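Just so we're on the same page: letters track the sequence lines, and every chain starts at 1. Just so you know, these numbers come straight off a predicted model, no measurement behind them.
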2 protein chains.
Amino acid sequence: MMALNSEEVHYQRSLGGQVFEQIRENILNGRYKPGESLIELRLSEEIGVSRTPIREAIRQLELEGLVHVVPNKGAIVSGVSDKDVDDIYTIRMLVEGLAAQWAAQNITDRELEELEEILELEDFYTRKKDSSHILQIDSRFHQVIFAASKSKSLMHVLGTFHQYVRNARNTSLSYPDRAAEALKEHTAIYEAIRIRDSEKAGELMTDHIMKARASLNLRKQTRGDR
Amino acid sequence: MMALNSEEVHYQRSLGGQVFEQIRENILNGRYKPGESLIELRLSEEIGVSRTPIREAIRQLELEGLVHVVPNKGAIVSGVSDKDVDDIYTIRMLVEGLAAQWAAQNITDRELEELEEILELEDFYTRKKDSSHILQIDSRFHQVIFAASKSKSLMHVLGTFHQYVRNARNTSLSYPDRAAEALKEHTAIYEAIRIRDSEKAGELMTDHIMKARASLNLRKQTRGDR
DNA sequence: CTTTGTTCTATTGTATACAATCATACACAG
DNA sequence: CTGTGTATGATTGTATACAATAGAACAAAG
């Protein structure tokens with residue numbers, strides 16, 4: 001399946017990063033399921049590159065903990081379990097609170113404007129109940145705050161965690177009620193950051209994540225997942 | 001330099017992980033300095049493997065944020081700055097407190113025994129003022145607590161951070177006074193975990209890291225580093 | 001002199017070849 | 001049957017070959 005059509009081999013450039021993203025995406029959205037083993041040759045045919053970039057991607061996924069590699073045997077998808085998600089929300093309550101604090105202290109005018117724009121868009125999509133865009137804009141809101149904290153370590157760890165719980169956030173934000181509440185909470189956080197009230201910003205952020213998790217757990221119980 | 005002596009090529013197995021560790025080590029201990037660019041061919045000759053494992057290692061280091069990769073140009077060492085270290089200590093105060101809490105709730109008897117053994121060794125090396133072994137045993141103490149928390153995410157993020165600030169911890173623990181205090185603090189944390197007082201364990205751990213950082217900053221001011 | 005274009009070299013990105021390993025299936029002895 | 005050894009195939013680990021890119025050095029034109 002999917003053999004090369006052209007006779008000549010066209011060397012393509014700099015696809016390494018994309019290969020990583022693609023496999024990662026397929027793990028996070030559940031196409032590659034936990035327990036499944038990732039065969040390099042199979043992936044290389046599926047994605048259309050040689051084994052070299054595939055291996056580089058798998059090594060990165062190993063470091064992230066999304067796959068488990070047994071030497072000379074191969075890579076097995078670990079994925080993100082429900083418990084992982086729960087743990088991550090707890091950690092986020094602490095660390096993202098810190099991020100908001102630091103953001104209030106270090107944010108630039110440019111970043112403040114960006115947050116304003118984001119909130120306008122979030123309002124727009126929330127009214128439209130466009131949950132896919134809401135998820136995107138929610139990511140951007142948090143990402144800008146991570147960046148505004150001006151801490152490389154914090155940005156890195158929170159960025160990763162945010163991706164890991166993307167599915168969960170999606171579930172939560174699919175509820176128009178929750179999306180509307182999230183918007184209000186975001187606005188309050190923005191306000192606190194704007195007036196440089198770092199303590200308040202931190203508290204509001206911690207609270208925001210606590211509520212997000214509560215809505216998620218409610219959701220799971222309702223649907224009987226687990 | 002270091003050309004192959006034997007005529008025959010001996011294929012060696014499963015060195016990938018070691019290559020990663022070696023380059024990582026050289027970044028963390030400062031042999032590869034921030035700003036320096038990592039040439040694949042040079043590293044491959046230096047380490048004695050081909051470019052393939054080197055590339056895999058560099059991609060992993062990129063993900064960890066220890067090097068910055070510009071496509072088609074190469075990898076530049078980022079390293080861990082003084083600010084990074086400071087940020088990490090702040091984050092550790094929060095997250096490692098959580099780890100101690102969870103450890104108190106989830107630790108196994110086997111792990112408790114391990115902590116006891118570690119504390120005995122720590123006492124031994126502290127009396128001998130053997131700072132190199134003190135650093136090692138300190139790492140093990142914290143690592144066991146991470147594992148006892150039974151949280152993959154937490155273990156992962158704290159394990160990484162711990163490595164990043166290894167130099168700083170070494171500086172701090174080189175002072176016999178600080179090492180002796182650290183031992184007392186460790187013992188108190190162990191006690192709280194043993195009697196399953198999770199709140200207390202968390203507080204003690206947060207406090208422990210706060211004091212470790214304070215001693216480090218004192219140290220830096222004294223030496224005039226920065 | 002400065003600017004522009006061109007060649008050359010160093011290095012990265014990708015593909016592929018081959019060695020080593022692991023698991024399975026199968027044959028055979030007990 | 002049951003266990004043990006051996007061959008076979010699938011897959012990973014490593015090395016190497018070649019394409020593409022970036023940058024420097026150099027030459028020519030203005």
Side-chain angles (χ1 to χ4, degrees), chain A residues 1-24 26-27 32-33 35-63 66-78, chain B residues 1-24 26-27 32-33 35-63 66-78:
Chain A
M1 187 187 278
M2 159 103 51
L4 290 179
N5 288 330
S6 63
E7 300 303 322
E8 302 177 46
V9 174
H10 285 278
Y11 280 73
Q12 292 172 305
R13 300 293 95 203
S14 244
L15 299 173
Q18 292 179 47
V19 170
F20 170 62
E21 292 296 338
Q22 185 169 343
I23 300 180
R24 189 176 200 262
N26 278 334
I27 293 177
Y32 299 157
K33 295 187 174 46
E36 185 176 340
S37 74
L38 297 178
I39 311 296
E40 294 172 5
L41 198 61
R42 194 169 58 72
L43 288 179
S44 92
E45 285 166 359
E46 188 174 327
I47 299 183
V49 297
S50 78
R51 278 178 56 212
T52 308
I54 300 284
R55 282 183 63 85
E56 290 172 1
I58 288 179
R59 287 300 180 279
Q60 291 183 297
L61 293 166
E62 180 192 12
L63 202 71
L66 289 179
V67 308
H68 177 71
V69 172
V70 182
N72 289 314
K73 288 194 57 182
I76 292 169
V77 177
S78 303
Chain B
M1 187 187 276
M2 160 105 47
L4 288 179
N5 287 330
S6 64
E7 300 304 323
E8 301 175 48
V9 174
H10 286 279
Y11 279 72
Q12 292 172 306
R13 300 292 96 203
S14 243
L15 299 172
Q18 293 179 45
V19 170
F20 170 62
E21 291 298 338
Q22 186 168 344
I23 300 179
R24 188 176 201 262
N26 278 335
I27 293 176
Y32 299 157
K33 295 186 175 48
E36 186 175 340
S37 74
L38 297 178
I39 310 295
E40 294 172 6
L41 197 61
R42 193 169 61 69
L43 288 179
S44 91
E45 285 166 359
E46 188 175 327
I47 298 182
V49 298
S50 78
R51 278 177 56 212
T52 307
I54 299 285
R55 281 183 63 85
E56 290 173 0
I58 287 179
R59 286 301 179 280
Q60 291 183 296
L61 292 166
E62 180 192 11
L63 203 71
L66 289 179
V67 307
H68 177 72
V69 173
V70 181
N72 289 312
K73 288 193 57 181
I76 293 170
V77 177
S78 303

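A sub-4.0 Å separation between OP1 or OP2 of C:dA23 and a side-chain N or O of A:K73 is present. At D:dT14, none of the side-chain N or O atoms of B:S50 fall inside 4.0 Å of OP1 or OP2 (strictly under the cut-off).
Nearest approach of A:G35 to A:I76, heavy atoms of both residues: O-CG2, 3.6 Å.
Atom CD1 in A:I47 sits about 14 Å away from atom C1' in C:dT14, given to the nearest Å. In this structure, B:R42 atom CZ and C:dT11 atom P are separated by 9 Å, rounded to whole Å. At whole-Å resolution of the value, CZ in A:R51 and P in C:dA15 are 12 Å apart. Whole-Å rounding puts the A:N72 CG to C:dA23 P distance at 10 Å. C:dT14 atom C1' lies 12 Å from atom CD of B:E40, rounded to whole Å. In this structure, B:Q18 places its CD atom 13 Å from C1' of D:dG13, rounding to the nearest Å.
Separating the CD1 atom in A:I39 from the CD atom in A:E45 is a distance of 11.5 Å, to the nearest 0.5 Å. Note that the CG atom of A:L61 and the CD atom of B:Q60 stand 10.0 Å from one another [nearest 0.5 Å].
For B:E21, the side chain to side chain contact (heavy atoms under 4.5 Å, CB included) partners are B:R24, not counting sequence neighbours. Under the side chain to side chain contact (heavy atoms under 4.5 Å, CB included) criterion, B:A75 pairs with B:L38, B:I58, B:V67, B:V69, sequence neighbours left out. Judged as a side-chain hydrogen bond (donor to acceptor under 3.5 Å, both in side chains), and not counting sequence neighbours, the contacts of B:E56 are A:R55. B:R42 is linked by a salt bridge (Lys or Arg N to Asp or Glu O under 4.0 Å) to B:E36, B:E46, counting only residues two or more places apart in sequence or in another chain.
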Checklist entry - Should A:I23 and A:I47 be marked as a side chain to side chain contact (heavy atoms under 4.5 Å, CB included) after you check the CA-CA gap, both sets of side-chain angles, and the distance that decides it? => result CA-CA 9 Å; A:I23 300 180; A:I47 299 183; 3.8 Å; yes

So which protein nitrogen or oxygen atoms get under 3.5 Å of nucleotides 8-10 of chain C's nitrogens or oxygens?
none

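Listed in residue order, the members of residues 52-62 of chain B having a heavy atom less than 4.0 Å from DNA chain C are B:R55, B:R59.
The shortest side-chain heavy-atom distance between B:Y32 and B:L43 falls under the 4.5 Å cut-off.
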